[in-house]
**Q** 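There's a structure below that I have some questions on.
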Amino acid sequence: MAAENPARALSAPGRRAYLLSLAAVVVFVVSIVVAGVRLAEIEADISRGVPENLVWLSAQAQYEAVRVADAAGRYAIADPDMEADALGARFDILLSRLAVLQAGAPAAYLRSLGEDAALTGLETAAATLDRQLAEAQAGKIMSAEELRSGALALGQELRDLTNRVMLAERDHAITLQSRRHLLLLELLGYGVGIMASGTVLALSLMRGLRHRAEAEAELSRHRDHLEDMVAARTADLVQVEERLVSAIDTAPDGFAAYGPDGRLMHANRHIQTLLPGRPDLFADAAPLPAVAAELARLGVPGILDGDADTDVEVRLADDCWCRVSVRRMPGGGTVLRVADVSPYVRATTALEQALARAQRLTDLYRSFVSMVSHQFRTPMAIIDAAAQRLQRRADDTDPEEVRDRAGKIRSAVLRLTALMDSTLNAARLDAGEVTVEPRPGDLAALVRFVAERQREIAPDRVIALDLGALPPLVTIDTTMMEQALSNLLSNAVKYSTAPAPVEILARTEGRDVLISVRDAGVGIPADDLPRLFERFFRARTASGIAGTGIGLAFARHIVRLHGGDILVTSREGAGSTFTVRLPDAVPSTAADTAADAGTATAVAGVLEGIEGA
């Protein structure tokens, strides 16, 4: 029977209530949509308020104006550290900040606030300051004073402009907030109206359906057309079967159903792609034993043995895992399902590998803590023993013994300092706090300083330097590169013995700078080289030699922050060579070198500060 329209099943008053409720729901829904659009417009207005970077730009321009005023004041009093070029550079930065404010979106927003006069004033002030700057650079001290006063006045104007913009935005935000609150109340009212109309509509429908049910019940008592009912039931069964077959065919898993006689009733195409070995296995009325034999060959237990269900994961190809499920039906028959579980298997494998890596890292940290705590005890014991001996024999100790004991104490303190530096470097690497600021510097002087400090620590060792090929200035972060080279040189001295010298060779390849630290020590086994720069890792040949396994990792991290890398060549028992490559470290032209004439002096000051420490 054709389904009736629910509105037709209602009485005339019921139909009116139904239609009125439906119309009210439609009106309320449309109203909510319109209010939502208005609310979205308000939110857009809120988001289109003055951008935070406009206030930032204005504040930056104010800051630069103050700095120009300061520079002009220093220039007016003939401060030797403030030259005309430096004053001009500071003024150029101020002009760049004003240019950003006077163009594009910032300028348009300021004009929308009625700040045209402010923009014009900024342009006029910039022109006046430019003229005063030119006169000051030409030697007119009075113009420098005027430039200072004008810059301060400009800073005050920029501060006032920033305050006005922030106040205007605050008023705008308050207005939009009020509008949004009203709209939210309006939306709430529409929602209540929809609920009320929906309730009336539901009651009307329930009443109409109840009337319809009563009419159909009355009609069913007089219906004697059993054939129509059977036909309807048959059609329902056919539809259910079609839906079931459609669901099976579109399912992502492979599916096959066998009847009580063991013959194939239906199979989807996915099972043939997951089990592509023999297409004839899933032909019409194909026997179940043939599939059972194929599954047994793949590793699935005999599915014909007994009545138990089966769930087994098998590997059908190099990167394909499937879950084969066999279910026995109560009325006889068998259902076979094959699901591709490769993503889950790969995810499980990746998780297991990640857990293994995490466990290895935990073990490394535990080993590191144990090693550091052990190595801290040795120098502390040396310091304590030497101090006690000096204390006990303070009255009859000769100067030579005092020097000897003091030397042992200083050596132990240096060792403790190295251990503390290694521990702090590990923490800095974990926190990502290691950064570099490359500037032109005297790399040759830095290498000589590192070598001299190592000679103080190990006076019996020979450190040979060949730095003649280095240019006068090299672009590096002097402080960080000093730590990297100190680690490499310390390792070379530590893992080699006298009288074999340690060599430091420097050369250039185009604009690249290469520094090699070569020793004739214990060397590194070939199978340890791939892990040499891992934190806390120590080669087998380092057994019995104090160290934390951090120095090389920290050194390579510093060199990589410079854009370069550290290469190592080594042979067990024949020494090692570590080569630092710094790409584009040589200034491209003589002008680049002369442009920062004071940098070499600053680098020398840094080295003196390090040496004094």
Side-chain angles (χ1 to χ4, degrees), residues 425 434-455 461-496 500-521 523-524 526 528-534 539 551-571 574-590 592-593 596 599-600 603-604 606-607 610:
N425 287 339
V434 180
T435 58
V436 299
E437 296 182 2
R439 297 178 181 176
D442 190 344
L443 181 58
L446 175 63
V447 174
R448 285 191 289 269
F449 166 75
V450 171
E452 184 59 31
R453 189 171 60 181
Q454 189 61 42
R455 289 190 186 101
R461 300 306 307 276
V462 175
I463 301 176
L465 304 180
D466 184 359
L467 309 177
L470 281 178
L473 292 180
V474 175
T475 304
I476 56 172
D477 185 313
T478 307
T479 302
M480 301 307 295
M481 189 56 64
E482 181 267 333
Q483 295 187 42
L485 294 178
S486 293
N487 286 340
L488 294 179
L489 183 55
S490 174
N491 271 8
V493 171
K494 187 191 311 180
Y495 294 109
S496 62
V502 174
E503 300 176 352
I504 303 179
L505 310 175
R507 67 184 188 277
T508 59
E509 291 183 0
R511 294 186 59 198
D512 294 358
V513 174
L514 289 84
I515 304 173
S516 298
V517 179
R518 180 185 306 160
D519 66 73
I524 304 166
D528 283 346
L529 285 175
R531 299 186 59 194
L532 188 61
F533 290 98
E534 294 181 9
L552 288 180
F554 189 70
R556 186 175 68 166
H557 187 77
I558 291 174
V559 174
R560 285 188 170 178
L561 288 177
H562 282 77
D565 206 347
I566 299 179
L567 306 177
V568 57
T569 58
S570 182
R571 190 174 50 154
S576 306
T577 300
F578 291 83
T579 301
V580 175
R581 176 180 286 272
L582 301 174
D584 296 328
V586 179
S588 58
T589 64
D592 293 338
T593 302
D596 201 350
T599 303
V603 171
V606 171
L607 294 179
I610 296 173

**Q** Between E482 and S486, is a side chain to side chain donor-acceptor pair (under 3.5 Å) present by the stated rule, with each step listed?
**A** CA-CA 6 Å; E482 181 267 333; S486 293; 3.2 Å; yes
**Q** Applying side-chain contact (heavy atoms from CB on, under 4.5 Å), name anything that partners A451, two or more places apart in sequence or on another chain.
**A**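 In terms of side-chain contact (heavy atoms from CB on, under 4.5 Å), with neighbours along the sequence ignored, A451 is linked to R455, I463, L465, L489.
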**Q** Write out all pairs satisfying side-chain hydrogen bond (donor to acceptor under 3.5 Å, both in side chains) with one or both partners inside residues 577-587, taking only residues at least two apart or from two chains.
**A**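 Counting only pairs at least two positions apart or across chains, the side-chain hydrogen bond (donor to acceptor under 3.5 Å, both in side chains) contacts touching residues 577-587 are E509-R581, D512-R581, S516-T579.
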**Q** Would you find a donor on one side and an acceptor on the other, under 3.5 Å apart, between the side chain of S570 and the backbone of G575?
**A**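 Answer holds: yes.
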**Q** So do V580 and V517 actually touch side chain to side chain, heavy atoms under 4.5 Å?
**A**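 Not in contact.
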**Q** Can R556 and F578 be said to form a side-chain contact (heavy atoms from CB on, under 4.5 Å), step by step?
**A** CA-CA 10 Å; R556 186 175 68 166; F578 291 83; over 6 Å; no
**Q** Any pair with a residue in residues 469-480 that passes salt bridge (charged side-chain N to carboxylate O under 4.0 Å, His left out), sequence neighbours left out, goes on the list, sorted by first then second residue, please.
**A**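 Every pair satisfying salt bridge (charged side-chain N to carboxylate O under 4.0 Å, His left out) with a residue in residues 469-480: there are none.
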**Q** Could I get the full list of side chain to side chain donor-acceptor pair (under 3.5 Å) partners for Q454, not counting sequence neighbours?
**A**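 In terms of side chain to side chain donor-acceptor pair (under 3.5 Å), with neighbours along the sequence ignored, Q454 is linked to no residue.
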**Q** Side chains of L470 and V513: closer than 4.5 Å at any heavy-atom pair?
**A**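 Sidechains of V513 and L470: in contact.
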**Q** Carefully, step by step, assess V568 and F533 under the rule side-chain contact (heavy atoms from CB on, under 4.5 Å).
**A** CA-CA 10 Å; V568 57; F533 290 98; 4.1 Å; yes
**Q** Can you confirm whether R511 sits close enough to P583 that some side-chain heavy atom of one is under 4.5 Å from a side-chain heavy atom of the other?
**A**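 No, side chains not in contact.
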**Q** Step by step, work out the side-chain contact (heavy atoms from CB on, under 4.5 Å) result for V447 and L485.
**A** CA-CA 7 Å; V447 174; L485 294 178; 3.9 Å; yes
**Q** What residues form a salt bridge (charged side-chain N to carboxylate O under 4.0 Å, His left out) with R448, not counting sequence neighbours?
**A**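 For R448 there are no salt bridge (charged side-chain N to carboxylate O under 4.0 Å, His left out) partners, ignoring immediate neighbours.
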**Q** Please step through side-chain contact (heavy atoms from CB on, under 4.5 Å) for the pair T508 and L514, ending with a clear verdict.
**A** CA-CA 6 Å; T508 59; L514 289 84; over 6 Å; no
**Q** Are L443 and I476 close enough that some pair of their side-chain heavy atoms sits under 4.5 Å apart?
**A**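 L443 reaches I476 side chain to side chain.
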**Q** We want to know whether Q483 and T479 form a side-chain donor-acceptor pair, criterion being a heavy-atom distance below 3.5 angstrom.
**A**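 Per modelled atom types, Q483 and T479 side chains form no pair under 3.5 Å.
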**Q** Compute whether any side-chain donor of one residue and acceptor of the other, for S496 and R461, lie under 3.5 angstrom apart.
**A**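 There is such a pair between these side chains.
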**Q** Can you tell if the side chain of L582 reaches within under 4.5 Å of the side chain of M481, non-hydrogen atoms only?
**A**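 Yes; the side chains approach each other to less than 4.5 Å.
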**Q** Would you indicate whether the side-chain heavy atoms of I515 and L505 approach each other to under 4.5 Å?
**A**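 No, side chains not in contact.
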**Q** Not counting sequence neighbours, which residues clear side chain to side chain donor-acceptor pair (under 3.5 Å) with D565? List them please.
**A**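 Testing D565 for side chain to side chain donor-acceptor pair (under 3.5 Å), a comparison that skips the adjacent residues, returns R560.
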**Q** List the atom of G523, the atom of S576, and the distance in Å for their closest heavy-atom pair.
**A**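 The answer is CA-OG, 3.7 Å.
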**Q** Grab the two heavy atoms, one from A506 and one from L467, that are nearest each other, plus how far apart they are.
**A**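 Smallest heavy-atom distance, with atoms named: CB-CD2, 3.9 Å.
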**Q** Working to the nearest 0.5 angstrom, can you tell me the gap between I524 CD1 and R571 CZ?
**A**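 Going from the CD1 atom of I524 to the CZ atom of R571 covers 13.0 Å.
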**Q** Just jot down the salt bridge (charged side-chain N to carboxylate O under 4.0 Å, His left out) partners of E437, sequence neighbours excluded, or say none.
**A**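 E437: salt bridge (charged side-chain N to carboxylate O under 4.0 Å, His left out) contacts with R439.
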